[in-house]
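Below is one structure; the comments refer to it alone.
Just the heavy atoms: all of them, side chains too, but no hydrogens, waters or symmetry mates, feed the values below.
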Amino acid sequence: MLDFPRWKVASIWLTIAVLCALAIPSLIPQRITDQWGINLPRINLGLDLAGGSYLLLEADVNDVASNRLEAMREQVQTEMRRQDPRIEIGDISTRGGRLSFLLRDPSQVDAARERLLAITGGGVGMTGQREWDIQVVDTSRLVLTPTQVGLNQAVDTAMGDATEVVRRRIDELGTREPTIIRQGSNRIVVQVPGLQNPQALKDLLGKTAKLEFKLVDETATPQQLASKQAPAGSQILAYPTNPSGIPLIAVKRSAIISGDQLSDARMEFSQQTNEPQVAITFDSQGGRKFARVTQENVNKPFAIILDNQVISAPNINEPITGGRAQISGSFTTESANALAIALRSGKLPVALKVVEESTVGPDLGEESIRAGILASAVAVALVVAFMLVTYGRFGVYANLAVVINVFVIVGVLALIGGTLTLPGIAGFVLTIGTAVDANVLINERIREERHRGRSVVQAVELGYSEASRTIFEANMTHAISGIIMFLLGSGPVKGFAVVLLIGIATSVFTAVLFTRMLTAGWLRRTKPKTINI
């Protein structure tokens with residue numbers, strides 16, 4: 001009990017000093033710490049304390065289905081002509097949510113079916129059901145129908161990818177500690193502390209950022225454009241800035257290159273006009289493909305398409321090599337930067353729309369902080385008074401442990417970059433109240449041992465050693481509850497769990513190890529014959 005070597009004493013005090021020092025920046029207004037010129041770790045405040053924006057995004061399941069159908073159409077066309085022997089097919093129809101095409105040679109129906117089986121995937125999960133049903137109609141027409149199981153899997157995959165894209169886009173904005181979680185099968189919750197104007201965020205997240213380069217179909221007549229009846233193998237897209245005055249244009253269905261082959265996108269200013277534009281850089285494969293296609297189509301126009309709308313349709317005057325290109329248009333600095341972020345973070349695999357939004361003002365957050373500080377101060381004062389009156393000197397040690405525990409919790413939260421929310425403050429106050437539980441158990445056990453006639457040293461020794469098992473078991477049950485809340489909860493529940501788990505660990509450290517060190521030092525120095533406890 002009395003054996004506390006100097007290295008252990010030094011390590012305990014060093015740990016406490018470091019964590020308390022880490023807590024100081026979080027207790028000082030940020031405007032003051034920013035003047036120091038040092039990037040110090042501090043606690044981030046959640047949406048309910050710092051104010052900010054809340055968005056609930058919902059995915060368009062029909063958009064997933066149509067994108068999946070279009071991707072399968074391109075894959076079928078490629079697969080039928082890629083392998084030997086080549087299978088000639090007629091125009092592919094995607095009407096009615098099904099993909100169908102006619103074979104020019106009915107004798108190839110079995111070969112075509114085998115190729116379709118290879119590209120439509122195997123069984124989904126444990127069900128064994130296929131993603132697509134394949135039927136042969138009238139001996140020469142093949143029909144692919146998406147199954148519900150396959151669609152559900154596609155939606156789940158798209159939502160997982162969309163969540164990561166949203167996370168990357170918000171991180172590019174430089175916001176701190178956003179909360180981005182999936183809710184249900186087709187929704188994403190976004191909480192961004194400190195952002196009071198959600199419009200820029202909505203505009204950024206609303207972009208699917210599907211970038212494509214396609215050749216313009218110059219055979220389309222004005223009558224076809226007006227009736228939106230594209231020639232075979234082409235499609236009609238919106239072109240609001242069309243110099244011809246017709247806000248539509250016909251482009252080939254097959255893309256020259258897509259945004260998937262981008263390696264970077266940056267906002268810059270044009271050297272000729274000094275207007276904002278977006279400079280894009282292709283990866284090695286995309287750069288080679290873009291150079292080859294532009295070389296083969298000199299003096300032909302191509303369309304730059306973003307989210308199925310043509311931004312511009314410049315002429316290919318010469319081969320574009322080097323893997324770089326510029327997207328220009330009626331951009332402002334903000335819109336060009338937003339487009340660059342959207343392209344750089346990757347395209348959204350599914351369109352997202354805002355179904356719910358709210359803004360928490362900083363005044364409400366400041367009021368919550370004041371209430372939390374008041375509650376914490378009252379809790380500390382009452383605990384300190386109770387322990388001092390009940391246990392005397394041992395109460396002083398316990399009170400010192402409580403105060404240090406407050407600073408240590410703040411220091412640990414700052415060290416891990418944790419976010420403090422209103423439920424987190426509740427967990428903080430709860431931790432203060434339970435921080436002295438260990439000392440109550442220890443002190444009551446010391447009191448019992450003294451009543452049994454033990455000496456002071458023996459009573460203190462047994463008090464700490466015997467109470468430790470009870471303390472460990474009690475805190476393990478709390479820790480298990482906190483871990484379950486952390487793993488299964490989200491948002492405020494997870495914030496509460498984080499503070500609770502940190503508080504459990506720090507309270508055991510301060511209430512058991514720290515107070516034991518103080519008690520051992522006092523016993524060695526004074527060697528008392530009796531104690532008042």
Side-chain angles (χ1 to χ4, degrees), residues 53 55 57 162 164-176 178 180 190 192 194-214 216 237-243 247 249 251 255-283 286-287 290-291 294 301-317 320-354 357:
S53 298
L55 297 177
L57 307 174
E164 290 306 311
V165 172
V166 168
R167 191 184 311 279
R168 287 197 297 270
R169 290 187 184 182
I170 293 177
D171 288 342
E172 288 272 6
L173 286 175
T175 57
R176 302 186 66 182
I180 305 162
V190 178
V192 185
L195 184 66
Q196 299 302 320
N197 182 13
Q199 188 58 47
L201 181 63
K202 288 164 58 180
D203 293 341
L204 179 61
L205 299 183
K207 290 182 182 293
T208 53
K210 181 182 180 182
L211 180 68
E212 296 174 303
F213 294 79
K214 295 183 178 181
V216 175
L237 294 178
Y239 186 12
T241 59
N242 193 341
I249 193 172
V251 298
I256 298 174
I257 198 168
S258 67
D260 295 335
Q261 294 170 307
L262 291 182
S263 62
D264 195 16
R266 300 285 171 185
M267 190 279 291
E268 62 179 27
F269 293 95
S270 171
Q271 295 181 352
Q272 287 77 28
T273 64
N274 202 35
E275 293 181 349
Q277 64 182 16
V278 178
I280 57 176
T281 305
F282 299 108
D283 59 22
F290 193 60
T294 54
F302 73 100
I304 302 174
I305 305 164
L306 180 67
D307 294 344
N308 288 324
Q309 180 172 299
V310 176
I311 297 177
S312 62
N315 203 58
I316 303 174
N317 297 321
I320 302 174
T321 58
R324 284 177 55 85
Q326 286 78 34
I327 303 175
S328 57
S330 301
F331 289 125
T332 63
T333 302
E334 293 76 15
S335 62
N337 187 56
L339 176 58
I341 290 174
L343 294 175
R344 194 163 60 242
S345 60
K347 72 175 183 180
L348 279 172
V350 58
L352 297 173
K353 61 180 179 180
V354 178
E357 65 174 292

In Å and rounded to the nearest 0.5 Å, what is the [atom1] to [atom2] distance from [X] to [Y]?
| X | Y | atom1 | atom2 | answer |
| --- | --- | --- | --- | --- |
| Phe302 | Ile256 | CZ | CD1 | 7.0 Å |
| Lys353 | Leu57 | NZ | CG | 11.5 Å |
| Ile316 | Thr294 | CD1 | OG1 | 6.0 Å |
| Glu212 | Asn308 | CD | CG | 6.5 Å |
| Asn242 | Ser312 | CG | OG | 11.0 Å |
| Lys214 | Ile304 | NZ | CD1 | 14.0 Å |

Any side-chain heavy atom of Ile305 within less than 4.5 Å of one from Phe213?
->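 Side chain of Ile305 against side chain of Phe213, heavy atoms only: no contact under 4.5 Å found.
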Does any non-hydrogen side-chain atom of Val216 lie less than 4.5 Å from one of Val310?
->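 Val310 does not reach Val216 side chain to side chain.
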Give the minimum heavy-atom separation between Ile257 and Gly286, together with the two atoms involved.
->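 Shortest heavy-atom contact: CD1-O, 3.1 Å.
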Closest non-hydrogen atom pair, Ala336 against Val278 |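 Where Ala336 meets Val278 most closely, the heavy atoms are O-CG2, 3.5 Å.
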When you measure from the side chain of Tyr239 to the backbone N and O of Ala313, does any donor-acceptor pair fall under 3.5 Å?
->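 Pair found, side chain donor or acceptor close to backbone of Ala313.
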Candidate list Leu55, Val165, Val166, test side-chain contact (heavy atoms from CB on, under 4.5 Å), partner Leu352, passing option =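 Running side-chain contact (heavy atoms from CB on, under 4.5 Å) over Leu55, Val165, Val166 with Leu352 returns exactly one hit, Val166.
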Can you name the side chain to side chain donor-acceptor pair (under 3.5 Å) partners of Thr281, sequence neighbours left out?
->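 If we apply the side chain to side chain donor-acceptor pair (under 3.5 Å) test to Thr281, skipping adjacent residues, the hits are Arg324.
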Residues in salt bridge (Lys or Arg N to Asp or Glu O under 4.0 Å) with Asp283, at least two apart?
->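 With neighbours one apart ignored, the set is empty.
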